[in-house]
Amino acid sequence: MIGSKNLSVVNNSKAVPMGKGRLRGVIAKVLASVVACAALLSLVCASVPARAQTAFDRPGGDYFSTPVTSGDPEDCALLCERDRRCRSWSFNYPDVEGGSAVCWLKNTVPARIPGSCCISGVRGAGVIEPRIEGVETSIDRPGGDLRNFELKSGEGEEACKAACTADNKCRAFTYARPGYTGREARCFLKKDIKPPRRKAGFTSGVVR
């Protein structure tokens, strides 16, 4: 009996440290998993760019403005990225009076308001164009023209696309915003499908 009691004590003295060791091991594995998940989440978030907002303005907070001769909103986003004072930006398309596109840098992040004149974003936000079925944003398809014409005020790429759809000879179209090929918007109907080329202010599509 005495031997068995001594054996029980010895076994118990061994079992207690072993239980603590396993518990510590489990805790260490859980902590390692949490750290790994947090690191993975931060990596994923870092790889997803903050989205610029098309068809929105952010009035106020301006400290600098400059013409954008390229007419490309990405150049405005890049200006903000290179200036430490900049917290947000707004890009204004060329106006109907023949003026150039303008980039506004802001030292605050004003609330956004709807505005077809503009694209706005926060520092670090690249310009991500909207994806619309059958429409290629910031794409030109130069050449192969069937005919072209000015659009009425307020008419956009949908009117240009509709004109191409209604013409059996038209296979593709390109819409140019006001200020990019002239004061007014212009629609180019294409008899041939030409290779796409990135170009700010233009929208294209293939109809048939």
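This is a predicted model, so every value here is computed, not measured. Worth knowing before you read on, the calculation uses all heavy atoms, side chains too, and leaves out hydrogens, waters and symmetry mates.
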**OP:** Check the pair Lys190 / Leu146 against side chain to side chain contact (heavy atoms under 4.5 Å, CB included), numbers first and verdict last.
**Re:** CA-CA 5 Å; Lys190 313 282 182 175; Leu146 177 65; 6.0 Å; no
Original post:
Does Lys169 pair with Asp167 as a salt bridge, N-O distance under 4.0 Å?
Top reply: no
**OP:** Quick one: closest heavy-atom pair of Asp83 and Tyr63, and the distance?
**Re:** OD2-OH, 3.1 Å
**OP:** Run the numbers on Phe173 and Tyr175 for ring-ring contact (aromatic ring centres under 6.0 Å, His included), then give the verdict.
**Re:** CA-CA 7 Å; Phe173 70 91; Tyr175 163 81; 8.6 Å; no
Subject >> Residues Phe91, Val102; criterion side chain to side chain contact (heavy atoms under 4.5 Å, CB included); working and verdict >> reply: CA-CA 6 Å; Phe91 169 88; Val102 179; over 6 Å; no
Original post:
What is the distance from atom CG of Leu151 to atom SG of Cys187, rounded to the nearest 0.5 Å?
Top reply: 5.5 Å
**OP:** Determine the minimum heavy-atom distance between Ala200 and Ser138, stating which atoms define it.
**Re:** CA-OG, 4.3 Å
Original post:
Going from OG on Ser100 to OH on Tyr93, what distance comes out if it is rounded to the nearest 0.5 angstrom?
Top reply: 14.5 Å
Subject >> Leu79 CG to Leu105 CG distance, which is reported to the nearest 0.5 Å >> reply: 6.0 Å
**OP:** Begin with the C-alpha distance, continue with both residues' side-chain angles, and end with the deciding distance and a verdict on side chain to side chain contact (heavy atoms under 4.5 Å, CB included) for Val135 and Glu158.
**Re:** CA-CA 9 Å; Val135 176; Glu158 290 300 326; 4.3 Å; yes
**OP:** Report the distance from atom CG of Asn148 to atom CZ of Arg186, rounding to the nearest 0.5 Å.
**Re:** 4.5 Å
Original post:
With distance as the sole test, does Asp62 use its side chain to make a donor-acceptor pair with the main-chain N or O of Phe64 at under 3.5 Å?
Top reply: no
Subject >> Closest heavy-atom pair and its distance - Ser88, Pro110 >> reply: OG-CD, 3.5 Å
**OP:** Kindly say whether Ser204 contributes a backbone atom to a donor-acceptor pair with the side chain of Thr174 at under 3.5 angstrom?
**Re:** no
Original post:
Can you check salt bridge (Lys or Arg N to Asp or Glu O under 4.0 Å) on Arg141 and Glu136, steps first, answer last?
Top reply: CA-CA 10 Å; Arg141 286 183 176 267; Glu136 305 162 333; 2.8 Å; yes
**OP:** Could you state whether Val68 and Tyr180 fall into the same hydrophobic cluster, counting links through intermediate Ile, Leu, Val, Met, Phe, Trp or Tyr residues with side-chain heavy atoms under 4.5 angstrom apart?
**Re:** yes
Subject >> Charged N-O contact under 4.0 Å between Asp145 and Lys194 >> reply: no
Subject >> Minimum heavy-atom distance Val207-Cys164, with the two atoms named >> reply: CG2-SG, 3.6 Å
Original post:
When you look at Arg171 and Asp192, which way does the salt bridge (Lys or Arg N to Asp or Glu O under 4.0 Å) test go after all the steps?
Top reply: CA-CA 6 Å; Arg171 301 194 62 196; Asp192 299 314; 5.5 Å; no
Original post:
Linking I/L/V/M/F/W/Y whenever any side-chain heavy atoms sit under 4.5 Å apart, do Val122 and Ile113 land together?
Top reply: no
Original post:
Can you tell me how far the SG atom of Cys170 sits from the CZ atom of Arg208, to the nearest 0.5 Å?
Top reply: 6.5 Å
**OP:** Kindly determine whether Val109 and Arg58 satisfy side chain to side chain contact (heavy atoms under 4.5 Å, CB included), including the steps that lead there.
**Re:** CA-CA 8 Å; Val109 183; Arg58 288 181 179 271; 3.6 Å; yes
Original post:
Of the non-hydrogen atoms in Ile119 and Trp89, which two are nearest, and what is the gap between them?
Top reply: O-CZ3, 3.4 Å
Subject >> Check: Arg87 main-chain N/O paired with Lys106 side-chain donor or acceptor under 3.5 Å >> reply: no
Original post:
Distance from Arg84 atom CZ to Arg123 atom CZ, nearest 0.5 Å?
Top reply: 8.5 Å
Original post:
Yes or no on side chain to side chain donor-acceptor pair (under 3.5 Å) for Ser120 and Ser90, after CA distance, side-chain angles and deciding distance?
Top reply: CA-CA 4 Å; Ser120 69; Ser90 285; 4.6 Å; no
Original post:
Between Asp140 and Arg197, does at least one N-O distance fall below 4.0 Å, as a salt bridge requires?
Top reply: no
Subject >> Passing candidate, salt bridge (Lys or Arg N to Asp or Glu O under 4.0 Å) with Asp72, options Lys199, Arg198, Arg177 >> reply: Arg198
Original post:
Side chain of Glu184, backbone of Pro178: donor and acceptor closer than 3.5 Å?
Top reply: no
